[in-house]
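One structure is given here, and the rest of the page talks about it.
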Amino acid sequence: MARHAEWFVRLEAIAEVVRQSETLEWLGRKELRAIFNCSERDAIRLLHKFGAEERGDALSLPRASLLAQLEAIQTGSTYAAFLRQRQDVAKQLAAARGEATARRFRVRAAAPEEPKPRFADLPDTVTWRRASSNEPGRFEIRYDNGEDLMWQLAEFFRVAGANRDEFFAGTEPSHGLPC
């Protein structure tokens, strides 16, 4: 990734401040320092970068010249690449946040020596009534928050996955057979 000037993040705001500074015809070190929110040394570097000239024993830059250069940067390919890079980073961060959130909820892996989980071992907050010929099945979870709900669902699926035959038998009406 190409490294861009750190003030590119604020380029639109900087250009707007320069645009609004109509009373200043010339900008010096102090003005650039305030506009770019940078150190004195960086302000001098920026003055040189934007083609300042010596005026009254100090470097100065015509406001109109700086504004034209800032507007040219905004429409240039370097700034466009910077914006694309920021969007890509934002997408990657959003994806990473989503992955981190997904990894946060607790899923207990069964250890090889652990006995096979049973529906009776589910927490009291999980209720699963099997379907019968008289009534449809019922599944209910009481939870405190989203993380708790995800954990309880994961526990139910872990037990259902370990007891597939029992689960599928319990989801079909028994036609008079006791559950």
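The first residue of the sequence shown is numbered 1, and numbering continues consecutively from there. The basis for the numbers below is simple: all heavy atoms, side chains too, and nothing from hydrogens, waters or symmetry mates.
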Notebook entry, point to check: So Ile73 and Phe50, side chain to side chain contact (heavy atoms under 4.5 Å, CB included) or not? Walk me through it.
Noted result: CA-CA 11 Å; Ile73 290 171; Phe50 290 117; 4.0 Å; yes

Margin query: Pair Thr78, Phe82 - check side chain to side chain contact (heavy atoms under 4.5 Å, CB included), show working.
Written below: CA-CA 6 Å; Thr78 303; Phe82 165 77; 5.9 Å; no

Next item on the list: For Glu25 and Arg63, run side chain to side chain contact (heavy atoms under 4.5 Å, CB included): C-alpha distance rounded to whole Å, both residues' side-chain angles, the deciding distance at 0.1 Å, then the answer.
Entry: CA-CA 5 Å; Glu25 192 175 326; Arg63 184 187 69 81; 6.0 Å; no

Checklist line | Steps toward side chain to side chain contact (heavy atoms under 4.5 Å, CB included) verdict (Leu47, Arg29) | finding: CA-CA 7 Å; Leu47 282 165; Arg29 176 181 38 82; 4.0 Å; yes

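Of all heavy-atom pairs spanning Lys116 and Asn163, the tightest one is CE-OD1, 2.9 Å. Between Ser65 and Leu61, the shortest heavy-atom contact is OG-CD1, 4.1 Å. Residues Arg33 and Ser39 share a closest heavy-atom pair of NE-C, 4.0 Å. Across every non-hydrogen atom of Ala43 and Cys38, the tightest pair is N-SG, 3.7 Å. For the pair Arg130 and Glu166, the tightest heavy-atom approach, listed with the atom from each and the gap, is NH2-OE2, 2.6 Å. Across all their heavy atoms, Leu59 and Glu54 have their closest contact at CD2-N, 4.2 Å.
Note that CD1 of Ile14 is 8.5 Å distant from CD1 of Ile35, once rounded to the nearest 0.5 Å. Taking CE from Met150 and CD1 from Ile141, the interatomic distance works out to 11.5 Å, rounded to the nearest 0.5 Å. Leu66 contributes atom CG, which lies 9.0 Å from atom CG of Leu46 (distance to the nearest 0.5 angstrom). Residue Asp148 holds its CG atom at 6.5 Å from OG1 of Thr125, rounded to the nearest 0.5 Å. Considering CG of Asp121 and CZ of Arg158, their distance stands at 8.5 Å, rounded to 0.5 Å. The distance from the CG atom of Leu70 to the CG atom of Leu11 is 6.0 Å, given to the nearest 0.5 Å.
Within a 6.0 Å sphere centred on CD of Glu16, other residues, nucleotides and ligands contribute more than 12 heavy atoms. Within a 6.0 Å radius of CG in Asp165, other residues, nucleotides and ligands contribute 12 heavy atoms or fewer.
A donor-acceptor contact shorter than 3.5 Å is absent between the side chain of Gln20 and the backbone of Val17.
Salt bridge annotation for Glu140-Arg138: present, with a cationic side-chain nitrogen under 4.0 angstrom from a carboxylate oxygen. No salt bridge links Glu40 with Lys30; every basic N to acidic carboxylate O contact stays at or beyond 4.0 Å.
There is a path of hydrophobic side-chain contacts, each under 4.5 Å, that joins Leu32 to Phe8. At a threshold of 4.5 Å between side-chain heavy atoms, the hydrophobic network of Ile, Leu, Val, Met, Phe, Trp and Tyr places Val18 and Leu24 in one connected group. The cluster map of Ile, Leu, Val, Met, Phe, Trp and Tyr, joined by side-chain heavy atoms under 4.5 Å apart, puts Phe168 and Leu153 in the same cluster. Linking Ile, Leu, Val, Met, Phe, Trp and Tyr whenever their side-chain heavy atoms come within less than 4.5 Å leaves Val89 and Tyr79 in two separate clusters.
Using a 4.5 Å heavy-atom cutoff, the side chains of Val126 and Phe139 are in contact. In this structure, Phe167 and Phe157 have side chains that are not in contact, with every pair of non-hydrogen atoms separated by 4.5 Å or more. Trp128 places none of its side-chain heavy atoms less than 4.5 Å from the side chain of Leu122. For the pair Leu67 and Arg19, the minimum side-chain heavy-atom distance is below 4.5 Å.
With 3.5 Å as the limit, one finds no donor-acceptor pair spanning the side chains of Glu71 and Thr75.
For Tyr143 and Trp151, the distance between ring centers is not under 6.0 angstrom. Less than 6.0 angstrom separates the ring centroid of Phe36 from the ring centroid of Trp7.
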